[in-house]
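These notes are about the structure you will find just below.
In this text, all values refer to a predicted model and were calculated from it rather than measured experimentally. In what follows, every chain begins at residue 1, and chains take the letters A, B, ... in the order their sequences are listed.
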Amino acid sequence: MAFTTEHENGTADGSTKIKLKDVYKIFGEHTEDALGLLRAGKSKADIHRKTGCSIGVNGATFDIKAGEIFVIMGLSGSGKSTLLRLLNRLIEPTAGSIEIDGQDITKMSRKALIELRRRDISMVFQSFALLPNRNVLNNAAFGLEVAGVGELERKEKAMAALKAVGLEGYSESRPDELSGGMKQRVGLARALASEPSILLMDEAFSALDPLIRTEMQDELVRLQAEHSRTIVFVSHDLDEAMRIGDRICIMQNGNVVQVGTPDEIVGNPANDYIRSFFRNVDVSQVFKAGDVARKNQITIIERQGVSAAAALEQMKSRDREFAIIVGRDMKYHGMVSQASLMEKIRSKAEDPYRKAFLADATPIAANEQLSGVLGQVAASAWPVPVVDEEHRYVGAISKSALLETLDRAN
Amino acid sequence: MSFDIGDGIDSAVNYILDNFSPALDLVAASIGFVTDGLQNGLLAIPMPVGIAVFALLALWRVSFGFAVFAGLSLALVGQMGLWAAMMETLSLVIASTAIAMIVGLPLGVAMARRDSVAAIIRPALDLMQTMPAFVYLIPAAMFFGLGAVPGTIATVIFSMPPVVRLTNLGIRQVDVEFVEAGNAFGCTPTQLLLKVQLPNAMPSIMAGINQTIMLSLSMVVIASMIGAGGLGNTVLTGIQRLDVGTGFEGGLAVVILAVILDRLTQSLGSKGARLRLPFLKFGLRQPEAKAA
Ligand SMILES: Nc1ncnc2c1ncn2[C@@H]1O[C@H](COP(=O)(O)OP(=O)(O)O)[C@@H](O)[C@H]1O
Ligand SMILES: [Mg+2]
């Protein structure tokens, strides 16, 4: 995984929470006809001309796992909000099944649906949607109030939710007295107060300025680490998706074009539409040292009987300036250069390898963020070795490899 | 070939009179009970107390300047000897506005909920508003005779459309995200109406009520032609006797009442009517908690 965030160690147990199968949403009058045409492979323009219908979501099939942050990403109008609203049936699907905890919500009665919305799913909105006639506490308590929770209990729970988002001091304030970031914290508290297992967030941070936005993303990840929920997060911003998403679902024109981890999507984009998102992305935020390290350096296994002179010969014959010295177990021991090795051999040192180790060739941990080691690689006169948690050699990052990686974005 | 609509209406009115008179009597009795009660109540208030109440309301809801205006202008009405007539008119306005709200608010809600209902009610509202006001006097008088009751009923019909329209409009204009939020958190349709739609439609609904009050005031004056009483009588007397002075005094009193009611009800629509009285400010309004 490309991004170290606490929630990765959280309770995402990989079991399926939400299962979409062949889900369609068609807006308009004659949706049956349109669905037939769509399944027959007709183009959207054709269908619109014939039936007047427009396609919101075109046959979405994927699973959302319990405890993950699942980001739905795509350009404006690609159907993200529609897809999200199908999950709590704020928008009625035209066809397909949506199972939550194994129960198909498309077949639920109104009553059961209301119960589900009160208990299991809550939502956070782009423009906050705080009710202006209520103070912060009563906004946070809204879901509980609607569900018929008694006043004392709901105020207590709402207060706890406000506390979780750091707003316990503002319970009596009016929404219009708060800044954007604070408003969305209230929106988050309202959604958390009923302790739902699923949180739907539609561009929840898009209306906030960049600094506050990052802060809120961190806040969300922190909350997720404390208490793992299944979060479905709509965003049009790839940086945001990469930053918080365990998995990302990319939508284009109502179609789900790719579902995968940030790594999979950056490393193996399904089409040019997806590739186009990376133009402005800072890949050093996406990749880790281990992703970029290559095993194109000579490795010399340190053992009795292989003389340092032989090693030097090998380096010379393959025209390599540097070599990595490893143990039989592939653990990293050190790095030598032709010059350092030659000098130690000449001076007939006891243990020529050890003595020849380049003093400042400190290895980088494979799971370190690329952005955090840029400086070290750039300043180093040789490729920087990378080791895994058990100190095994996984490769080295050369300046040229680094530049190539960073350049992929453009 | 001619088809006489007038005849048709006549026979319909007669049919209703013949077959539904107990129901009509019941309606008349209950409306009469309300208007009489209101009238007696308002007339029982001594004029100085009445003026003081209006001035205080004006001070609380609008401003110091307006309170002075209300006090002085009402004193002038008293001076012209029209206080009792004005109270009669006010009671008719209150009664008909209350009835218009009781009928109109649910109609507006129904219109907002279903496009089909809106499609049926809208032309009826257009008709009610464009029909010359005098026309309502005739069937009202035929069904309910002369007096305050038919006056109130004609006034209700004439003045109801704004409250219906603006309730409908106000509910439809509630931010979709508010409605989505309500639904997303599991509101039933009734909860959605009471907790989300009506509170957020309030400014629009209050504007509708304000317009209804203004229309009912204008209609109440006309309704004096069927004996509704009040300031309309004064104006009518002026016309009948070609007495410009009396007519003008009645008209002036109507205008004064209109201005006061207008400003007071408008102030109810805005959330925080501010007391614009620097030296009285402390203590009367809670200082707003400002978020850092
Ligand atoms: N209520 C609606 N009626 C008709 N078309 C709609 C409706 N809601 C959304 N659409 C259409 O569906 C498509 C997807 O919209 P939306 O889900 O809001 O996209 P996104 O959230 O990705 O910007 C758009 O083309 C939009 O015009
Ligand atoms: Mg959207």
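Atom CD of B:Glu180 is separated from atom CD1 of A:Ile91 by 7.0 Å, given to the nearest 0.5 angstrom.
For the pair B:Ala184 and A:Phe125, the tightest heavy-atom approach, listed with the atom from each and the gap, is CB-CZ, 4.1 Å. Nearest approach of B:Thr188 to A:Arg118, heavy atoms of both residues: CG2-NH2, 3.7 Å. When all heavy atoms of B:Gln191 and A:Val146 are compared, the closest pair comes out as NE2-O, 2.9 Å.
Only the side chain of A:Arg85 comes within contact range of chain B, judged by heavy atoms closer than 4.5 Å. Contacts between A:Leu116 and chain B at a heavy-atom distance below 4.5 Å are absent for every atom of the residue. For chain B, no part of A:Glu115 is nearby; none of its heavy atoms comes within less than 4.5 Å. Residue A:Ile121 touches chain B through its backbone alone, counting heavy-atom pairs closer than 4.5 Å. Using a 4.5 Å cut-off between heavy atoms, B:Asn200 contacts chain A through its side chain alone, with no backbone atom that close. Contacts between A:Arg110 and chain B at a heavy-atom distance below 4.5 Å are absent for every atom of the residue.
Heavy-atom neighbours of A:Leu211 CG from other residues, nucleotides or ligands within 6.0 Å: at or below the threshold of 12.
Between the side chain of B:Glu177 and the backbone N or O of A:Ser127, at least one donor-acceptor pair lies under 3.5 Å.
When side chains are defined from C-beta on, A:Phe142 counts as touching B:Cys187, because their heavy atoms get closer than 4.5 Å.
The candidate with the highest count of non-hydrogen atom pairs below 4.5 Å against chain B, out of A:Asn88, A:Leu144, A:Leu131, is A:Leu131.
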